[in-house]
Student: 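One structure coming up, written as structure tokens, with questions to follow.
Reminder, nothing fancy here: chain letters follow the sequence lines and each chain counts from 1.
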Protein chains: 2
Amino acid sequence: MTQTPTKPAHHHGDLRNALIKAGISLLDEGGIAALTLRKCAARAGVSHAAPAHHFDGLAGLKSAVAQEAFRLFSRHMMDAANAEGPSPRDRLRGICRGYVQFGLTHRALLETMFGLDAESLLRERIDPGDSDAYQILRDTCAPFVPPDTQKEVIEFQVWSLVHGYTMLFVSGRLGCLHPKNLGDGPFDQVMALLDRIGDTSSS
Amino acid sequence: MTQTPTKPAHHHGDLRNALIKAGISLLDEGGIAALTLRKCAARAGVSHAAPAHHFDGLAGLKSAVAQEAFRLFSRHMMDAANAEGPSPRDRLRGICRGYVQFGLTHRALLETMFGLDAESLLRERIDPGDSDAYQILRDTCAPFVPPDTQKEVIEFQVWSLVHGYTMLFVSGRLGCLHPKNLGDGPFDQVMALLDRIGDTSSS
DNA sequence: GCTTGCAACTTTACAGTGTCAAGTTCGATG
DNA sequence: CATCGAACTTGACACTGTAAAGTTGCAAGC
């Protein structure tokens, strides 16, 4: 045993990562309002001012949490793509499914990720276009690009569509559209449009 | 003159609307973090606890502000549609343009509108699908719907696409896509896909 | 081994926030 | 003119981010 167990330990060892991990838990459990410097500190077992030595205030913590969330997000979509099948079309469907699924499971995380302002993105050097997630999208979209079209056009159209659908769906905003009347499921609807994009060259 | 001008007036007359108006200004000026009960109260010239008699806490104020924002949003898109031209295709383009434009001008407003949770939507009876904005989208989309497709499918695909594009664009998230390399402008890209949707039946 | 320095963390303090309870004012209603 | 209640104020409390100053303990140099 240590000599005086009541005395506070002044060296955590891996506080930065512990705080980020605590932040993600808090977001998942209590929504966007639960992400608090003091709560993160408490959950990591340190005093309330300790995070200031690892992040630039609350904004800094949010950025770091978003950075880690993008990593989780990317891995989630990668798994979803791999689980779906080997063909590009199936992988693309998997990505769409993973996108929406991640949003439903971690909606506060998604809000933190895409709620960052441009400055925070720059400061933390977060560039979704350089992420694994977007690389998957890029690779999987490639076969769908018609020959007379810039591939970036398809990529950002697909991204916008899936992102918009996810955002609207996650926040319950598509209730007025009665998704249950729209076919076999939300993913088929997204895929229908993706197919339509790809069919431009074959018609 | 009144007898004692220093005495506080205990009846504002139209405090609820004044608070909502103050909230919208605060959002436009200082972003989402600037929307505060106390600041709204100060701007309306009342004490810090006065808003509690008109809204159910901060969440209630946010809902009311969002409700008004949806009204502004709807009118903005209506104007944009009318300014573009008489044909459905032009009107649809106008709506897309108005959507993005509103997002760029009032990004904090958009964040408040679409950041509401489902409970708040229900409590304030906010249903985007019943709004003028969505009615415009619905009417303007109608001519683009292929004969073998449910119209709701096209409507929600268009909405998802435009909403997603707006969200990504407004938060600077499309920077990695170098929009300047993508053609004549962002609106043309959205319209390209919209045209592609409509062309399904004609090919 | 001992000292020195410094990074990590704590403690204390302060302004701003939402929210509740109790008091005050004022207009309408009898 | 009295009264009653709605609209608003005042005061208080817990919680938040943030800054300043103090404390601890590891590690490098002698």
Side-chain angles (χ1 to χ4, degrees), chain A residues 1-23 26-27 29-65 108 112 115-117 119-120 123, chain B residues 1-23 26-27 29-65 108 112 115-117 119-120 123:
Chain A
M1 325 293 171
T2 55
Q3 309 107 322
T4 47
T6 50
K7 266 199 184 162
H10 280 71
H11 277 74
H12 181 282
D14 193 24
L15 183 53
R16 193 187 143 91
N17 284 333
L19 289 169
I20 293 175
K21 213 172 153 188
L26 284 168
L27 281 174
E29 294 168 17
I32 196 85
L35 181 56
T36 282
L37 276 175
R38 288 172 115 104
K39 285 202 195 114
C40 284
R43 195 164 283 211
V46 294
S47 78
H48 69 268
H53 295 269
H54 295 273
F55 305 102
D56 184 18
L58 180 59
L61 174 65
K62 277 184 180 169
S63 299
V65 165
T112 304
L116 283 184
D117 45 9
E119 312 145 23
S120 298
R123 176 156 33 86
Chain B
M1 322 298 170
T2 55
Q3 310 108 324
T4 49
T6 51
K7 265 194 184 167
H10 280 71
H11 276 76
H12 180 282
D14 193 25
L15 183 53
R16 194 187 143 92
N17 284 333
L19 289 169
I20 293 175
K21 213 172 154 190
L26 284 168
L27 281 174
E29 293 168 17
I32 196 86
L35 181 56
T36 283
L37 277 175
R38 289 173 114 104
K39 286 206 195 107
C40 285
R43 195 164 282 211
V46 294
S47 79
H48 67 267
H53 296 269
H54 295 274
F55 306 102
D56 184 18
L58 181 59
L61 173 66
K62 276 185 180 167
S63 299
V65 166
T112 304
L116 283 184
D117 45 10
E119 314 146 22
S120 299
R123 175 156 35 86

Student: Roughly how many Å is it from NE2 in A/H54 to C1' in C/dT10, rounded to a whole number?
Tutor: 13 Å

Student: Which atoms form the tightest heavy-atom contact between A/F55 and A/L19, and what is the distance?
Tutor: CE1-CD1, 3.6 Å

Student: Provide the closest heavy-atom pair for B/T112 versus B/I32 in the form atom of the first, atom of the second, distance.
Tutor: OG1-CD1, 3.2 Å

Student: Could you state the CG-P distance from A/D56 to D/dT18, rounded to the nearest angstrom?
Tutor: 8 Å

Student: What is the separation between atom CG on B/D14 and atom P on D/dC8, rounded to the nearest whole Å?
Tutor: 10 Å

Student: At 4.0 Å (heavy atoms only), tell me whether A/T36 reaches a base, stays on the sugar-phosphate, or touches nothing.
Tutor: sugar-phosphate

Student: Can you give me the closest heavy-atom contact between B/H54 and B/R16, atom names plus distance?
Tutor: O-NH1, 3.3 Å

Student: Among C/dT17, C/dT10, C/dG18, which nucleotide has an atom closest to any side-chain atom of B/K39?
Tutor: C/dT17

Student: What integer distance in Å separates B/H48:NE2 from C/dG16:C1'?
Tutor: 12 Å

Student: What nucleotide among C/dT11, D/dG11, D/dC8 has an atom nearest to a side-chain atom of B/A49?
Tutor: D/dG11

Student: Send over the distance from B/L37 CG to C/dC20 C1', rounded to a whole Å.
Tutor: 13 Å

Student: Tell me the interatomic distance from B/L15, atom CG, to D/dT9, atom C1', rounded to whole angstroms.
Tutor: 12 Å

Student: Do you know which two heavy atoms are closest between A/L26 and A/K39, and how far apart they sit?
Tutor: CD1-CB, 3.7 Å

Student: Figure out the NE2/P separation between B/H53 and C/dT19, and round it to whole Å.
Tutor: 13 Å

Student: Please figure out whether B/R38 or A/A59 has its closest DNA chain D nucleotide nearer the 5' end.
Tutor: B/R38

Student: Select one nucleotide: of D/dT9, C/dG18, D/dT18, the one nearest the side-chain heavy atoms of B/S47.
Tutor: D/dT9

Student: Quick one: A/F55 CZ to D/dT18 P, roughly how many Å, whole number?
Tutor: 13 Å

